[in-house]
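Have a look at the structure below before the remarks.
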Amino acid sequence: MVADHVADSTQEKNKETDVLESTRIVVKNALEKLGYPDEVYELLKEPIRMMTVRIPVRMDDGTTKIFTGYRAQHNDAVGPTKGGVRFHPDVTEDEVKALSIWMSLKAGIVDLPYGGGKGGIICDPREMSFRELEGLSRGYVRAISQIVGPNKDIPAPDVFTNSQIMAWMMDEYSRIDEFNSPGFITGKPIVLGGSHGRESATAKGVTIVINEAAKKRGLDVKGARVVVQGFGNAGSYLSKFLHDAGAKVVGISDAYGALHDPDGLDIDYLLDRRDSFGTVTKLFDNTISNKDLLELDCDILVPAAVENQITEENAHNIKADIIVEAANGPTTMAATKILTERGKLLVPDVLASAGGVTVSYFEWVQNNQGYYWTEDEIDEKLHENIIKAFNNIYNTAETRRVDMRLAAYMVGVRKMAEASRFRGWI
Ligand SMILES: NC(=O)C1=CN([C@@H]2O[C@H](COP(=O)(O)OP(=O)(O)OC[C@H]3O[C@@H](n4cnc5c(N)ncnc54)[C@H](O)[C@@H]3O)[C@@H](O)[C@H]2O)C=CC1
Ligand SMILES: O=C(O)CCC(=O)C(=O)O
């Protein structure tokens, strides 16, 4: 009896953190609210294409290690699929599928001519040399080369990948294609056709969203106490932008722990000391856990690391009034319900983190036209897109009396559903 109960509750736990299953539930709810028939859900609940690849890499010690990678293409009715590639030990097939669905929703929300795609490789780049990482990046591109390309599916950076990895991938694809193909991938170094503003775009988008959310709550960002989980691309730039705007960043974290100072952390010092994987807490003795970080007293909480950080276990203890999801999938469905019932303003990932793919789109457009914009031009276009998307979703949530996540899914799913219908797929 006791054993059964334990097994049941473990299953319940797994169900709560099953990102693919919970994404499907919200997609289904959104389609039902919009009045679409079941066939639309049947089409959109899975990627249209999913490739699993095995990538042999000659390691520095002379052995050959075989890595497993994935590329999911969710829906290409609107246009080519687009989305980042993640290098992380916890990558799974279902996670990559869910991430590709979220990319489709983001493209719909900021009105880009794309569907969603996503890739991942099970590996720990923190344990690999530069040479091994280059071999892995190039091997992945060779393995998926048939299904990607500037007009098919366009990768980009995500967790533990960066502009150097994009450069190797672009170079490998260009060799296969026998053509210089900057539009194959975004998030490249500027000298290889990267865009001004892409590196900080995700954080800039999150900053814009935070400002809009704060206005709705009558909160002045200047002086507001902020906690940011994750100190990589999204989290570190965000901490800097908020710090420069006069907010007090009282907590930050990385995969190994968290730092807390109620008087505000020295963000410039931490930025200077962090490594390329967003690790900084190892330099300190007086760290707290990621769990404690999320429950700190603050006005704004920004999860900017990995999935399933706010669950039904800690949602009751979150003190922040505004929670803005810079990470993909940091809050479970059960926790979303709890936070909404507690009157918190929760801005969902598919809206809050859409700045990255927006500037990736600008990068791709610049590559296609061979003419490049200034950082000010990029910033202006990004501002316009994100503010429009925020207001659209905020108003949808108010008028349809739904939480912002469901409102975002309703806004995000519509374009691909319509495009699939016009194409005669459903
Ligand atoms: N880079 C981009 O343009 C975009 C990133 N995102 C999302 O933002 C989140 C962070 O991505 P990036 O900043 O690009 O990654 P990154 O690799 O630059 O940084 C990741 C950060 O998360 C921390 N981390 C890793 N595993 C962790 C764990 N198990 N617990 C706590 N912290 C952990 C790392 O130590 C690091 O500080 C991800 O969910 C990603 O999908 C969303 C949109 C675009
Ligand atoms: O920049 C892109 O194309 C994709 C960024 C991404 O992977 C994400 O928004 O999760």
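Counting starts at 1 for both ligands and their atoms, in listed order. Positions are given from 1, in the same order as the sequence printed here. The analysis underlying the following values was restricted to heavy atoms, covering all of them including side chains, and did not include hydrogens, waters or symmetry mates.
Not a single heavy atom of Q309 sits under 4.0 Å from any atom of ligand 1. R274 does not count as a contact of ligand 1, since none of its heavy atoms falls under 4.0 Å from the ligand. Using a 4.0 angstrom heavy-atom cutoff, R86 does not count as in contact with ligand 2. At least one heavy atom of V306 sits less than 4.0 Å from an atom of ligand 1.
When only interatomic distances are considered, the shortest N/O to N/O separation between K118 and ligand 1 does not fall below 3.5 Å. The shortest N/O to N/O separation between G84 and ligand 2 falls below 3.5 Å. Polar contact check, T202 against ligand 1: a nitrogen or oxygen pair lies under 3.5 Å apart.
When G356, A305, S289, G257 are checked for heavy-atom proximity to atom 22 (O) of ligand 1, A305 turns out nearest.
Taking 4.5 Å as the limit, every side-chain heavy atom of M404 sits out of range of all side-chain heavy atoms of L346.
Using a 4.0 Å cut-off between heavy atoms, I154 makes no contact with ligand 2 at all. Residue contacts with ligand 1, taken as heavy atom pairs separated by less than 4.0 Å, do not involve P330 at all.
For the residue pair T374/E377, the side-chain donor-acceptor check at 3.5 Å is satisfied.
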